[in-house]
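Each remark here refers to the structure printed beneath this line.
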Amino acid sequence: MEFLNELNESQRKAVEYVDGASLVIAGAGSGKTRVLTYKIAYLLKKGIHPTSILALTFTNKAAREMKERIAQMVGERTARYLWMGTFHSVFSRILRAEAEKTGYSKNFSIYDSSDSNSLIKSIVKDLKIDEKTYKAGLVHSRISFAKNNLITPDAYRGNTDLLKADMYSKVPRIVDVYDIYTQRCKLADAMDFDDLLLQTNILFRNHPDVLQKYRNAFSYILVDEYQDTNFAQYLIVRKLSEQHERICVVGDDAQSIYSFRGANIDNILKFKNSYSNAQVFKLEQNYRSTQTIVNAANSLIDKNSEQIRKNVFSEKEKGNLIKLLSTFTDLEEGVVVADSINQLRRKQGYSYQNIAILYRTNSQSRVLEEALRKKAIPYRIYGGLSFYQRKEIKDVIAYCRLINNHNDEEAIKRIINVPARGIGDTTVGKLTECAQTHAVSIWDVLQDMLAYNLAVNAGTATKLAGFRKMISFFASQSDSLNAYELVMQIVKMTGIINDTYVDKSPEAMSRQENVQELLKAIHEFCEQRVTAGESANIGDFLSEVSLLTDQDNTDDANTEKVTMMTVHAAKGLEFKAVFIVGMEEDLFPSAYAFESERSLEEERRLFYVAITRAEEQCFISFSKSRFRNGKTTNSNPSRFIKDIDPQYLDAPEEKVQPSWLQRQDESFDFEFERKSFQHQSFSSSKVTKPVERQTAQKLIKIAAREQGTKQVVENKNLPVGAFVKHAVFGIGKVLETTIADGNEKAEIDFGEKGKKSLLLKFAKLELL
DNA sequence: GGAGCCCCGGTTTTT
DNA sequence: CCGGGGCTCC
């Protein structure tokens with residue numbers, strides 16, 4: 001097996017150990033995926049049958065890429081039989097296969113988060129409890145937490161800790177919502193994402209024979225990104241592997257950034273508690289980044305208390321220092337980043353696709369976009385609304401779901417009046433209520449409206465019957481037509497396709513394109529399945545598409561464009577140059593992270609992930625003010641900057657403060673005082689005074705001193721409506737203030753002297 | 001039942 | 001600033 005020579009010693013050891021449980025701690029850029037793929041190839045070459053290998057990942061993309069690499073090593077004909085996929089897709093397959101033991105049908109629908117939220121919302125409404133207190137997102141995250149910890153509604157009711165916690169949080173009825181939510185999902189023959197794991201656990205618990213079957217089937221189990229597993233996932237893996245303990249988990253505790261989604265870092269930290277004989281392998285050589293970047297990242301993560309200590313090192317060149325970029329406004333930040341990108345291209349020959357801009361929140365992308373656009377720098381933004389979350393796409397999918405599973409409540413509610421066919425909210429409300437009282441699905445009510453005493457007038461009844469017949473007709477076709485042919489019929493007959501042709505507005509055009517795109521995707525899906533000799537009906541399509549996100553949209557990933565994404569989305573990727581922007585208190589770390597040391601440490605890991613994306617150059621920028629939620633707020637450099645050993649940082653020469661910023665301080669005195677009166681604590685030096693030259697150390701000291709000071713000045717702009725006095729124009733009223741190219745401008749009405757647009761850095765205005 | 005206005009609230013998000 | 005949801009008016 002000469003391919004093992006392509007590995008370094010620790011990688012090779014990790015690959016060759018197959019006799020028992022092992023934990024591979026893989027530092028950033030240390031060849032984690034390589035170890036996994038080689039290990040699978042190694043097992044296959046040792047004669048293990050591909051169907052006995054279960055490899056679990058967190059994204060479809062990771063699974064697909066790994067499968068491709070393995071196919072290259074051992075051949076496609078072998079690789080295709082591997083059980084490789086996301087937790088959710090693998091276990092949804094098993095749940096469908098074992099449907100008669102689960103209480104769900106094999107055609108069960110999968111509710112995505114928005115389906116879950118909308119169902120929760122309707123339940124909260126039904127229970128007549130306050131919708132503001134019981135916000136769908138909040139309730140969903142609690143339900144999700146419960147499910148991830150295998151706490152059923154009954155167990156929840158018996159758990160005094162949870163009940164108390166809910167009482168203190170003033171949401172004591174969460175448990176009722178959870179209970180009803182579970183019933184409604186069941187009635188709709190639908191599982192949400194968390195159910196796929198919960199129900200798998202329940203299946204294994206209630207049916208030891210089934211568990212045993214899969215234990216025997218999977219003689220080797222591998223788990224990628226183990227630091228991101230939750231309890232439900234941990235237990236599935238544990239149950240499947242506890243007899244033979246031929247399990248290998250790979251991950252990096254330093255890159256655990258999904259605890260808000262239920263991931264439990266303890267799973268990796270305490271792996272040895274579950275598998276006491278486990279061998280631990282550490283991959284510590286980083287092949288991605290320069291020494292400076294690796295060392296800087298190490299010095300940062302060293303500040304976390306909860307971690308598995310490791311010594312990540314790089315043998316690449318030392319490389320440039322991490323450059324700190326300090327600006328006064330977020331607009332200026334955009335300009336500086338754009339300029340630096342141009343410089344990287346000119347002086348170092350980087351191309352756009354070598355460069356990424358990473359931020360903490362999606363909303364930061366806007367200003368950056370504008371700055372790049374102004375300098376004609378091409379970019380591509382990842383994240384935001386995914387393809388499958390777009391309305392028109394979800395509508396079409398909802399038709400498919402309803403045809404496949406008539407009881408799917410969220411699907412029927414979604415499309416019963418799309419395109420508009422005169423079945424409004426009132427009617428849907430009646431239908432839902434009627435279904436509730438008889439404990440049946442909405443579809444059941446439609447089947448026999450008279451028997452269920454549905455109180456609608458004759459016209460509405462006709463429309464409902466028409467809808468029901470249409471869905472039944474599609475369903476009757478679903479055996480003879482493949483997914484593509486059926487969806488084609490749907491979009492034509494329902495008028496969805498015509499709906500998108502109503503006008504030539506950009507929105508309508510885009511919807512049209514999206515539907516076409518979907519049709520194309522379904523077409524490809526069908527062709528692939530047919531080539532592989534598999535069926536390609538609507539159910540086959542749905543079971544794939546429900547667990548698909550467009551993270552793996554590779555359409556123009558290799559084009560000449562700068563990548564812009566959140567740090568979360570950047571995990572696993574690498575770029576020659578990385579800009580981490582908005583490194584400010586309350587933004588990164590997020591203001592939400594201050595509740596606990598744990599969440600603060602997670603933010604630090606997030607920053608660690610960001611830095612370690614860089615191969616050669618890393619830039620960290622922060623701004624002294626930022627436009628957020630409609631307001632300009634002042635901000636201080638992130639505490640995390642001072643966590644990095646200053647010897648790896650190149651701090652900026654502080655520019656002389658522009659006069660407009662200084663005078664702004666004065667003009668805002670009254671606003672300043674009002675606020676500081678309200679909040680007792682404030683420091684008078686909100687803005688760093690001009691400094692000729694600041695070393696990294698000094699700057700970091702300032703960061704240290706300023707962090708923790710609550711912001712009191714909210715609006716740096718001249719207040720609209722204020723009266724000002726100008727040396728030449730006299731007294732005027734402020735109509736509007738804007739910031740263009742980092743310069744604050746004000747539109748001021750000077751009465752008979754007319755309206756003037758003035759740059760505040762030049763106009764000597766006195767606030768009256 | 002549907003279009004247009006007002007008010008509120010606003011992290012991250014592999015499935 | 002922005003989108004979503006609730007409300008009003010046709």
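The sequence lines fix the lettering, A, B, ..., with proteins before strands; numbering per chain opens at 1.
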Answer yes or no for A:Arg390 and A:Phe387: cation-pi contact, defined as NZ/CZ to six-membered ring centre under 6.0 Å and angle to ring axis within 45°. no
Decide yes or no for A:Leu542 and A:Ile397: does some side-chain heavy atom of the first lie under 4.5 Å from some side-chain heavy atom of the second? yes
Have a look at A:Thr57 and say if it touches a base, only the backbone sugar-phosphate, or nothing, with a 4.0 Å heavy-atom cut-off. nothing
Does A:Arg366 place a side-chain N or O at less than 4.0 Å from the phosphate oxygens OP1/OP2 of C:dC2? yes
Any side-chain N or O of A:Lys135 under 4.0 Å from OP1/OP2 of B:dG10? yes
Base, sugar-phosphate, or nothing for A:Phe87, non-hydrogen atoms under 4.0 angstrom? nothing
Heavy atoms only, 4.0 Å cut-off, all strands: where does A:Glu225 land among base, sugar-phosphate and nothing? nothing
Starting at CG of A:Leu331 and ending at P of C:dC1, how long is that distance when rounded to a whole Å? 13 Å
With the side chain of A:Lys125 defined as its heavy atoms from C-beta on, choose the nearest nucleotide among B:dT15, B:dT11, C:dG6. C:dG6
May I ask you to say what A:Ser546 touches in the nucleic acid, namely base, sugar-phosphate or nothing, with a heavy-atom cut-off under 4.0 Å? nothing
Hey, which of these two, A:Glu602 or A:Arg421, hits DNA chain B nearer its 5' end, going by closest nucleotide? A:Arg421
For A:Asn362 and B:dG10, is the shortest distance between a side-chain N/O and OP1 or OP2 below 4.0 Å? no
Can you tell me the distance, in whole Å, between the CD1 atom of A:Ile257 and the P atom of B:dT15? 14 Å
Just to be sure I understand the rule, does A:Asp425 reach a base, reach only the sugar-phosphate, or reach nothing, if contact means heavy atoms closer than 4.0 Å? sugar-phosphate
Side-chain N or O of A:Ser89 less than 4.0 angstrom from OP1 or OP2 on B:dT15? no
Does A:Thr86 reach a base, just sugar-phosphate, or nothing at all? Heavy atoms under 4.0 Å. sugar-phosphate
Starting at atom CG of A:Leu600, determine the distance to atom C1' of B:dT11, rounded to an integer number of angstrom. 14 Å
Between the base of B:dT15 and the side chain of A:Arg261, is one N or O donor paired with an acceptor at under 3.5 angstrom? yes
Categorize A:Gln389 for me: base, sugar-phosphate, or nothing, with a 4.0 angstrom heavy-atom threshold over every strand shown. nothing
Of A:Ala593 and A:Ile423, whose closest DNA chain B nucleotide lies nearer the 5' terminus? A:Ile423
Kindly indicate whether a cation-pi arrangement holds for A:Arg604 with A:Phe640, taking the cut-offs as under 6.0 Å to the six-membered ring centre and within 45° of the axis. no
Without decimals, in angstroms, what is the distance between A:Glu584 CD and B:dT11 C1'? 15 Å
With sugar-phosphate meaning primed atoms plus P, OP1 and OP2, does A:Asp228 contact a base, only sugar-phosphate, or nothing at under 4.0 Å between heavy atoms? base
Touch check for A:Gly630, heavy atoms < 4.0 angstrom, all strands: base, sugar-phosphate only, or nothing? base
Check whether any side-chain N or O of A:Ser363 sits under 4.0 Å from OP1 or OP2 of C:dC1, and answer yes or no. no
May I ask you to check whether A:Tyr258 and A:Phe260 place their ring centers less than 6.0 Å from one another? yes
Under 4.0 angstrom between A:Asn629 side-chain N/O and B:dG9 OP1 or OP2: no
Separation of atom OH in A:Tyr111 from atom C1' in B:dT15, rounded to whole Å: 17 Å
Could you state the NZ-P distance from A:Lys121 to C:dG5, rounded to the nearest angstrom? 4 Å
A:Ser635 backbone acceptor or donor facing A:Asp586 side chain under 3.5 Å: no
For A:Asp228, which of A:Arg261, A:Gln233, A:Gln255, A:Lys571 qualifies under side-chain hydrogen bond (donor to acceptor under 3.5 Å, both in side chains)? A:Lys571
